[in-house]
Amino acid sequence: MSVRVRFAPSPTGYLHVGGARTALFNWLFARRHGGKLVLRIEDTDEARNTEEARAAILDGLRWLGIDWDEGPEAGGDYGPYFQSQRKDIYDRYLAQLQAADLVYTEENGSVRFKFTRRPITVIDLVCGDVTFAATEEPDMTVRRPDGSYIFHFVNVVDDIEMGITHVIRGEDHLSNTWKHIDLFNAFGKSAPIYAHIPLILNPSGSKMSKRDEGSSIESYQQAGFLPAAVFNYLCLLGWTPRADSEKLDRDTLVSLFDAKEIHSSNARFDIGKCKWLNSQYLREMEPKALLDASRHQLSQAGLPIEKASHAAAILQSVKEKVSLLSEFPAWVHYFFRDDYPYEVEVVAKLRAKEDNSTLLEAAGKALEAVGDWTEDSIHAAIELAAKEQAVKPGALMPLLRGALSGQMRGPGVATMAHLLGKSAVLNRIHQAQNVI
RNA sequence: GACCCUGUCGUCUAAUUGGCUAAGACAUCCGACUUUCUAUCGGAUAACUGCGGGUUCGAAUCCCGCCAGGGUUGCCA
């Protein structure tokens with residue numbers, strides 16, 4: 001029997017990391033076993049569902065590169081994939097239970113399912129077999145007086161109808177799984193195989209919820225994380241791929257994935273490690289891809305891109321120094337405008353010695369004489385100027401860096417000057433002399 | 001309260017399934033290098049494996065008890 005798994009979000013908010021990782025593990029499992037991933041929208045709670053939330057979830061999944069084989073926009077033979085459009089199916093299933101005398105209607109019109117009240121064992125790839133004693137809870141409501149159905153009921157019916165073979169979901173569902181199994185049995189079906197994955201905890205140690213800072217996938221997008229890095233990091237929360245490195249691409253992760261190796265203990269989200277992983281992905285990006293990924297960040301910071309190849313080269317020059325796309329503007333803004341500010345340390349550096357102005361003057365002259373404006377010739381000119389002034393290049397470089405960028409950090413000075421262009425460099429040196 | 005899951009450096013995890021001095025990554029700190037850096041290189045700190053018993057020649061690993069954290073206990077999903 002071929003594998004069929006599903007991700008079944010409720011469109012009541014944005015896609016959050018917990019949900020994203022659940023989707024991810026389902027995706028990994030489906031791809032690993034050559035099965036199908038079904039996306040099912042659980043929108044039975046009309047009061048809380050919104051169209052924006054639905055769109056945000058799809059966008060979030062797409063951003064991460066999690067594609068589904070059946071569901072909204074993909075279609076499939078088991079639709080509709082919105083629970084709000086499946087009412088007649090639920091009615092039919094309820095009738096089946098009514099015929100078997102397994103449900104009863106209360107005075108207010110709600111319908112309850114009679115629990116079997118026998119011990120029930122959940123077969124779980126992650127937690128092992130977990131047996132729940134015969135329940136003493138009141139019978140479960142499956143339909144509200146207004147005719148709408150409750151999660152437990154529709155979830156089971158859809159899993160049956162959609163031929164779901166494995167249910168991979170958060171561990172918060174484990175305690176209720178016996179109810180689902182009771183229903184599967186009532187319909188004369190055997191339950192799927194479960195894998196309850198550990199929860200992602202927030203920094204304070206409780207379940208990461210939609211209200212927690214940094215919980216929505218969209219926020220990672222905005223903060224300048226790369227989807228591949230977030231994808232990779234999410235895999236590492238609750239699962240350790242058996243590989244030498246922790247930085248692993250999608251195909252490798254798929255080939256390595258084994259649901260039985262998922263941990264059963266909760267994991268705390270470590271934004272720092274996620275950033276580190278991001279920096280690793282960043283530094284191996286080609287200049288063009290780097291620019292495309294950063295366009296939004298640059299325009300938000302008011303930095304105009306006039307020539308793509310030039311902008312790409314600028315980003316390339318500092319990509320190993322940043323870990324998030326959103327850090328780029330602070331590192332490169334002076335390349336895009338002439339009214340860049342001087343950091344206080346730069347002003348102090350420039351004014352530190354009387355003859356700094358003379359040094360800059362000399363550097364300016366030497367650079368002015370450069371014909372072929374390449375990094376090598378620029379570098380040579382600076383070294384020559386230093387030599388003529390009887391100082392080490394190390395005395396001149398920081399001054400030029402400060403003059404050209406207003407900052408104490410950045411790419412190599414020659415690289416910086418090359419990217420800036422000759423006339424801008426000469427102008428900026430003059431301006432710096434005025435500061436002194 | 002009851003039930004379920006889980007406890008290894010600050011964080012995420014390893015430990016050939018009972019066998020060397022409990023390993024790595026991130027973070028932190030220190031040093032080196034460089035014209036700079038949140039870069040790079042090198043090093044260091046850091047876990048009585050939650051606690052207490054037991055089994056064993058030997059326990060992170062098996063057993064019992066306790067404690068702690070998380071989850072569930074809806075006419076939310």
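Naming convention: chains lettered A, B, ... in sequence-line order (proteins, then strands); numbering from 1 in each chain.
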Aromatic contact, [X] with [Y] (centres under 6.0 Å):
X        : Y        : value
A:Phe25  : A:His166 : no
A:Tyr233 : A:Phe269 : yes
A:Phe328 : A:Phe336 : no
A:Trp27  : A:Phe7   : no
A:His180 : A:Phe153 : no

Which one is paired to [N], where only Watson-Crick or G-U wobble pairs with both distances under 3.5 angstrom count?
N     : value
B:G65 : B:C51
B:U38 : none
B:C76 : none
B:U16 : none
B:A60 : none
B:U28 : B:A44

Seminar exercise, completed: Reading nucleotides 62-75 of chain B from 5' to 3' and marking B where a protein heavy atom lies under 4.0 Å of the base, S where only the sugar-phosphate is that close, and - otherwise, the string is --------BBSS-B
Send over the distance from [X] [atom1] to [N] [atom2], rounded to a whole Å.
X        : N     : atom1 : atom2 : answer
A:Ile197 : B:C5  : CD1   : P     : 17 Å
A:Trp276 : B:U11 : CH2   : P     : 19 Å
A:Glu261 : B:C12 : CD    : P     : 19 Å
A:Glu136 : B:G1  : CD    : P     : 17 Å
A:Trp239 : B:A25 : CH2   : C1'   : 16 Å
A:Ile271 : B:A27 : CD1   : P     : 13 Å
A:Trp178 : B:A2  : CH2   : P     : 18 Å
A:Asp129 : B:C5  : CG    : P     : 11 Å

Exercise. Got a donor-acceptor pair under 3.5 Å from the side chain of A:Lys273 to the base of B:A27?
Worked result: no
Problem set entry | Residue pair A:Glu161, A:Arg92: steps toward the salt bridge (charged side-chain N to carboxylate O under 4.0 Å, His left out) verdict | CA-CA 12 Å; A:Glu161 280 285 295; A:Arg92 210 170 70 228; 3.8 Å; yes
Exercise. Do NZ/NE/NH1/NH2 and the carboxylate oxygens of A:Glu106 and A:Arg143 come within less than 4.0 Å?
Worked result: no
For this session: Decide, yes or no, whether a salt bridge links A:Glu70 with A:Arg40 under the criterion of side-chain N to carboxylate O below 4.0 Å.
Result: no
Problem set entry | 5' precedence on RNA chain B between A:Met397 and A:Val126 (nearest-nucleotide basis) | A:Val126
Exercise. With nearest nucleotides of RNA chain B determined for A:Tyr233 and A:Val130 from heavy-atom distances, which residue corresponds to the more 5′ nucleotide?
Worked result: A:Val130
Problem set entry | Among B:U35, B:C5, B:C4, the nucleotide that comes nearest once only the side chain of A:Phe132 is considered | B:C4
For this session: Kindly label the base of B:U21 as syn or anti, based on whether its glycosidic torsion lies within 90° of 0.
Result: anti
Exercise. Of all of residues 244-258 of chain A, which get a heavy atom below 4.0 angstrom from RNA chain B, listed by number?
Worked result: A:Glu246
Please work out if [X] contacts a base, only the sugar-phosphate, or nothing of the nucleic acid, heavy-atom cut-off 4.0 Å.
X        : value
A:Val413 : base
A:Gly170 : nothing
A:Gly272 : sugar-phosphate
A:Arg242 : sugar-phosphate

Exercise. Does a donor on one side chain sit under 3.5 Å from an acceptor on the other, for A:Arg169 and A:Thr177?
Worked result: yes
Exercise. Do A:Met397 and A:Arg401 pass the side-chain contact (heavy atoms from CB on, under 4.5 Å) test, and can you show the C-alpha distance, the side-chain angles, and the key distance before you say yes or no?
Worked result: CA-CA 6 Å; A:Met397 292 287 191; A:Arg401 171 183 299 288; over 6 Å; no
Side-chain touch [X]/[Y], heavy atoms, less than 4.5 angstrom:
X        : Y        : answer
A:Leu58  : A:Leu39  : yes
A:Lys114 : A:Val103 : no
A:Leu367 : A:Lys422 : no

For this session: Would you tell me if any nitrogen or oxygen in the side chain of A:His196 comes within less than 4.0 Å of OP1 or OP2 on B:C5?
Result: no
Taking only N/O atoms, report every protein-nucleotides 37-40 of chain B pair under 3.5 Å with atom names and distance.
| residue | atom | partner | partner atom | Å |
| --- | --- | --- | --- | --- |
| B:C37 | O2 | A:Lys321 | NZ | 2.7 |
| B:C37 | N3 | A:Lys321 | NZ | 2.6 |
| B:U38 | O2' | A:Lys321 | O | 3.0 |
| B:A39 | O3' | A:Arg283 | NH2 | 3.4 |
| B:U40 | OP1 | A:Arg283 | NH1 | 3.0 |
| B:U40 | OP1 | A:Arg283 | NH2 | 3.4 |

